[in-house]
Amino acid sequence: MRRIHLLFVVLLLTLVGLSVAYYKYSALGFPLTPDRETETWTVEAQIAVNPGTAPASVRFALPSNPPHYTLLDEGFVSRGWGLTTQSSDRQREAVWTKRNPEGNQTLYYQATVYRDQEEIEASPYPGPAAPPELEEPLKSAAESFVEEIRAGSADIQTFATLLVKEVNASRPDENIAAFLKPDATETERTRLAISLLAIARIPARMSHGVMLTDEGRNLGPTTWLEVHNSRRWVPIDPRSGAVGYPRQFLVWWHGDQPALATSGLQDVELTFATTRNLRDAVETAQLQSAIADSRLMDFSLLDLPIDAQNTYRVLLLVPLGALIIVLLRNLIGIRTFGTFMPVLIALSFRETQLVAGVVLFTLIVALGLAIRFYLERLKLLLVPRLAAVVIVVILLMVLISIVSHRLGLDIGLSVGLFPMVILAMTIERVSIVWEEHGAGDALAQAAGSLVVAAMAYLVMVNTYVTHIFFVFPELLLVVLAFTLLVGRYTGYRLTELFRFRAFKTLAQARRPDPPTNDRSGDNR
């Protein structure tokens, strides 16, 4: 029963830890590797206005939940103009107003977007489109054309594709030739496609956007067509009939109306500029999480002050070091002084580097151990003896630093990064084991402690490991689950298999021979 309970706890901890980490990776975009950068785009709309003498107002459509992209940040620059933003079910817009405008001026809107979706999200079906009111013979011609397209299509998407190709053909069908002017613009052809789709009761709409190009200037909006297939809006190129938006196309607004609506102005011009940026992936994920209003980020370490973050970058590695010690002691059988002492030594190695740390640690412990044996002759009590060892350790650290500096060796200056209490306790433990079990056991445990500390250091100093456990601290639940699982292991350790191999050989030698079925010597 206890075993089942333990397995349930282990499974629950693992499931919770991995689930939260996967959600942060897949939904919020947190990276699994450090120093990863994501591609973001900055789009700037420039509205050049030439006001008259009357009060002026400018209404400008703003991007709202563009397909494939997330709006990370936005800003406005409009000196002397009043600014308000408002939203409706269909569109967001900014409204600039000024009572006494003077001279040519430019209004700016800047947005930073990040591509995080590959498929367009589902949207409610708006209902069948209302067919346009046409007079004969145009009505019959349009209906005949629609029936011809329907006969050659399989669904709404193929119907719209065939219709757009026919509308843009160099020699269009005679039934729609009357609807097209010889010099019809792309917008006029898109309007005609929407009207013909409405005759087939297919909802369609215009969309307008900007092609994202690095260092793009003086860009104009591009018109696109969207049809609803009863599940989502499907973009279709109104020029070629190709399905889907180009990868770097940012939808800005929908509808047959222009992006700008002005009053009190003599002239107005809208242009776009775009540029590509590389931003830290963790920062991008933070912004995306804030936009998504994820409550999970209320418990994120990334919101702590920088000094607290740096502290937890180290502390979060302690459980991992403890797991390494559990594995090396319980499964391998390496003997160490205590459980957490090698972890703390490994943390010191993060500051001194491995080779220098091992040399300095060995030197101080050796010198301190010699003095500790001298203190044993003085028959001091435990607490005064430990205090004396601490004082000696500090004096040794000071002496090593001074001598190293005089010799021009910078390695000795880092000795002050060792925790003095850990050094004192290590010296005390070595001396006790030396007295009770002999020098061999003491040196073996000291060597084991250094080996374990070195292995823990190599794992804890890895930048990928540090990043993973800082960005996804919930993975410590998985470390806890694995520690609990290993804690129930009671089998032989790896070193014990070598220690007791002589017993195995002896047992095999004393094993009696199996009986044979040879009856050739029997006398009957």
Side-chain angles (χ1 to χ4, degrees), residues 59 61-71 86-93 117-168 173 175-176 178-180 184 186-209 221-245 249-259 261:
R59 292 179 175 269
L62 303 178
S64 177
N65 298 324
H68 303 304
Y69 286 90
T70 295
L71 182 63
Q86 55 192 27
S87 302
S88 63
D89 295 337
R90 300 181 60 185
Q91 189 66 55
R92 294 172 59 235
E93 64 178 9
Q117 308 167 18
E118 293 302 325
E119 294 187 1
I120 298 178
E121 297 179 355
S123 58
Y125 182 61
E133 296 182 0
L134 299 175
E135 298 181 355
E136 295 292 349
L138 295 179
K139 180 179 180 181
S140 298
E143 292 177 349
S144 176
F145 172 75
V146 168
E147 289 300 324
E148 292 179 4
I149 297 296
R150 180 181 283 114
S153 64
D155 51 26
I156 293 177
Q157 182 173 305
T158 55
F159 179 91
T161 299
L162 293 175
L163 187 146
V164 168
K165 288 182 178 180
E166 190 63 35
V167 168
N168 287 277
D173 186 277
N175 287 323
I176 63 169
F179 294 92
L180 286 173
E186 292 181 356
T187 302
E188 291 174 340
R189 292 178 184 271
T190 305
R191 289 196 187 103
L192 175 59
I194 293 175
S195 298
L196 294 175
L197 288 167
I199 294 177
R201 308 305 300 274
I202 298 175
R205 64 182 182 183
M206 278 189 191
S207 64
H208 311 269
T222 303
T223 301
W224 221 263
L225 173 67
E226 288 185 355
V227 297
H228 204 285
N229 64 357
S230 75
R231 296 182 301 276
R232 60 176 57 87
W233 290 102
V234 178
I236 296 178
D237 190 341
R239 292 156 288 277
S240 64
V243 177
Y245 287 119
F249 184 79
L250 175 65
V251 176
W252 200 274
W253 81 97
H254 293 92
D256 199 5
Q257 301 298 322

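All values below come from the heavy atoms of this structure, side chains included, with hydrogens, waters and symmetry mates left out. We number each residue from 1, following the sequence as shown. From a predicted model like this one, the values you see are computed outputs, not experimental measurements.
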According to side-chain hydrogen bond (donor to acceptor under 3.5 Å, both in side chains), who are the partners of [X], at least two apart in sequence or on a separate chain?
X	value
Q157	none
D155	T158
T187	none
N168	none

Closer than 3.5 angstrom, by distance alone: can the side chain of [X] be matched with the main-chain N or O of [Y] as a donor-acceptor pair?
X	Y	answer
R189	P238	no
R201	P131	no
S144	S140	no

Could you pull out the closest heavy-atom pair between [X] and [Y], with the gap in Å?
X	Y	answer
L162	G152	CD1-O, 3.3 Å
E121	R232	O-CB, 3.7 Å
V227	A204	CG1-CB, 3.9 Å
K165	G241	CG-CA, 4.5 Å
P126	P203	CG-CB, 3.8 Å
L71	P63	CD2-O, 4.2 Å

Inset, instruction - Hey, could you give me the CG/CD distance between L225 and E186, rounded to the nearest 0.5 Å? - result: 12.0 Å

Legend entry - From H68 atom NE2 to L250 atom CG, the distance as rounded to the nearest 0.5 Å: 11.0 Å

Once side-chain contact (heavy atoms from CB on, under 4.5 Å) is applied, do any residues pair with [X], and if so which ones, sequence neighbours excluded?
X	result
K139	L134, E136, E143
A200	V146, R150, F159, I202
R231	N229
S195	P132

Legend entry - Listed partners of E188 passing salt bridge (charged side-chain N to carboxylate O under 4.0 Å, His left out), at least two apart: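 Salt bridge (charged side-chain N to carboxylate O under 4.0 Å, His left out) check on E188 returns nothing, list empty.
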
Inset, instruction - Applying salt bridge (charged side-chain N to carboxylate O under 4.0 Å, His left out), name anything that partners E93, two or more places apart in sequence or on another chain. - result: R59

Are the side chains of [Y] and [X] in contact, using a 4.5 Å heavy-atom criterion?
X	Y	value
M206	Q257	no
T161	I236	yes
Y69	V251	no

Inset, instruction - Under the ring-ring contact (aromatic ring centres under 6.0 Å, His included) rule, collect the residues that match up with Y245, sequence neighbours excluded. - result: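 Partners of Y245 under the ring-ring contact (aromatic ring centres under 6.0 Å, His included) test: W224, F249.
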
Legend entry - Residues that H228 engages under ring-ring contact (aromatic ring centres under 6.0 Å, His included), provided they are two or more places apart: Y125, W233

Inset, instruction - Determine whether the aromatic ring centres of W253 and H208 lie less than 6.0 Å apart. - result: yes

Inset, instruction - With side chain to side chain contact (heavy atoms under 4.5 Å, CB included) as the test, would you mind laying out the steps for H254 and E226 before giving the verdict? - result: CA-CA 9 Å; H254 293 92; E226 288 185 355; 3.4 Å; yes

